[in-house]
Protein chains: 2
Amino acid sequence: MNNGRFATALHILTLLETKKGELLSSGFIAGSINVNPVVVRKEIGNLRAHGFVESKEGKGGGYLLGKPASQIRLSDVYRAVNDVQLLGRSNDPNPDCLVGKQINVHLNDLFRAADEALIKQMGKITLRDFAKKFN
Amino acid sequence: MNNGRFATALHILTLLETKKGELLSSGFIAGSINVNPVVVRKEIGNLRAHGFVESKEGKGGGYLLGKPASQIRLSDVYRAVNDVQLLGRSNDPNPDCLVGKQINVHLNDLFRAADEALIKQMGKITLRDFAKKFN
DNA sequence: TCATTCTGTAACATGTGTTGTTACAGTAAA
DNA sequence: TTTACTGTAACAACACATGTTACAGAATGA
């Protein structure tokens, strides 16, 4: 439903993978993405809830991947960030009209199929594949 | 980049197909969708620019399909409504960072592939197929 | 020709959702 | 106990889709 968040989330995860072994702070990550550190912490809050990231509090704390990058499909990340289907919004049509009465059912079928196609494509790529592109 | 517009556009086109042969007014169409007639006229302005709809001005005027429903793929409609990729927004990252410097290129590749998968899925269905579901 | 009934569009209001920012409590390390 | 982090709430700012009003232009028919 949103969008820019996905770019942010992938950026975070890519950094964690390329700097594997180090604890990265929200300030450092924010500097690479060029956003406010709080945006990073909030996004990581979500990623952590899904098990993609682990955090360490206190001085010297920071973030690292919660599971191997080879086990994180981009479709998993996508779903974690977009709780709602990209296509999914419809109107509140007139139930007295033949078309209006049924359209949302048919739209939902269509949206679901489209969303699945998108998810399937992104499921082909893992975070490891993605991070490998950076050199 | 939007979303609800796609539902509106498909609703309009479905109505025009199911009431083929009649000129439908923006008021009638708006009544089925349950939106303001101006919203319909604006959306049709776009659909007309893409050749999907023809209009007749003046008293007794209205709208009809600009080409056979069998020649309108839902992916065509989708593209006409969403001039921008659904996924496509990225950040403005730090060029001094190895990841930041390259991420937008890789994100764009990813987004394009995902978008193509979605388009391909919707290309399987024509307006005729879709409108047939209503009975 | 004139009233009527449409479309076409501009202009503006409204609402909603995302993103940005400040502030501060909690935690761990030295 | 100071320092440097995370975690989160609260609020501000902004972007964007959608809703609405208003009115000019066009076709029809009396």
Side-chain angles (χ1 to χ4, degrees), chain A residues 1-9 11-12 15-16 22-31 33-50 52-66 80-93, chain B residues 1-9 11-12 15-16 22-31 33-50 52-66 80-93:
Chain A
M1 175 61 73
N2 67 81
N3 182 319
R5 278 181 56 202
F6 184 57
T8 302
H11 195 142
I12 291 168
L15 275 175
L16 293 176
E22 300 174 45
L23 273 175
L24 305 185
S25 73
S26 63
F28 174 84
I29 296 171
I33 307 180
N34 194 27
V35 294
N36 191 294
V38 177
V39 171
V40 172
R41 297 207 285 268
K42 277 196 271 198
E43 194 56 52
I44 285 182
N46 181 44
L47 294 171
R48 186 183 49 226
H50 285 85
F52 302 136
V53 173
E54 282 176 8
S55 63
K56 186 170 182 304
E57 291 192 356
K59 184 173 180 179
Y63 305 98
L64 41 75
L65 283 183
V81 170
N82 299 285
D83 45 341
V84 179
Q85 271 180 197
L86 229 46
L87 282 67
R89 179 153 162 203
S90 29
N91 296 296
D92 179 26
Chain B
M1 180 58 68
N2 66 80
N3 180 324
R5 277 181 58 203
F6 184 56
T8 303
H11 195 141
I12 292 169
L15 275 175
L16 293 176
E22 301 175 45
L23 273 176
L24 304 186
S25 72
S26 62
F28 174 83
I29 296 172
I33 308 180
N34 194 25
V35 294
N36 191 295
V38 176
V39 171
V40 172
R41 297 207 285 267
K42 278 197 270 199
E43 194 55 52
I44 285 183
N46 182 44
L47 294 172
R48 187 183 48 225
H50 286 85
F52 302 136
V53 173
E54 283 175 9
S55 63
K56 185 170 182 304
E57 291 193 356
K59 185 174 180 178
Y63 305 99
L64 41 74
L65 283 184
V81 170
N82 299 284
D83 44 341
V84 179
Q85 272 180 196
L86 230 43
L87 282 65
R89 180 154 160 201
S90 30
N91 295 297
D92 178 27

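Chain identifiers are assigned alphabetically (A, B, ...) following the order of the sequence lines, protein sequences preceding nucleic acid strands; residue numbering begins at 1 within each chain. It should be emphasised that the depicted structure is a prediction, and the values quoted were computed from it without experimental measurement. The figures that follow rest on heavy atoms only: side chains count, while hydrogens, waters and symmetry mates do not.
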Can you work out whether A/K56 or B/N34 has the more 5'-proximal nearest nucleotide on DNA chain D? A/K56
Distance (rounded to the nearest 0.5 Å) between A/I29 CD1 and A/E43 CD: 11.5 Å
Does C/dT5 have OP1 or OP2 sitting under 4.0 Å from an N or O in the side chain of B/S25? no
Whether the side chain of A/K59 and the base of D/dT1 hold a donor-acceptor pair under 3.5 Å is what I'd like checked. no
At less than 3.5 Å, do the side-chain atoms of B/K42 and the base atoms of D/dT20 form a donor-acceptor pair? yes
Of the options C/dG26, C/dT22, C/dG8, whose atoms approach the side-chain atoms of A/V38 most closely? C/dT22
Check every atom of D/dT8, C/dG20, D/dT21 against the side chain of A/N36 and return the nucleotide holding the closest atom. C/dG20
Is the distance from OP1 or OP2 of C/dT7 to the nearest side-chain N or O of B/S26 less than 4.0 Å? yes
Of all the heavy-atom pairs spanning A/Y63 and A/L16, show the shortest one and how long it is. O-CD2, 3.4 Å
So, is B/R48 near the phosphate of C/dG8, with a side-chain N or O under 4.0 Å from OP1 or OP2? yes
Which residue lies more 5' along DNA chain C, comparing A/V39 with A/G60 via nearest heavy atoms: A/V39
Would you classify A/G27 as touching base, sugar-phosphate or nothing, given that sugar-phosphate means primed atoms plus P, OP1 and OP2, and contacts are heavy atoms under 4.0 Å? nothing
Measure the spacing between CZ of A/R41 and CD1 of A/I12 and express it to the nearest 0.5 Å. 11.5 Å
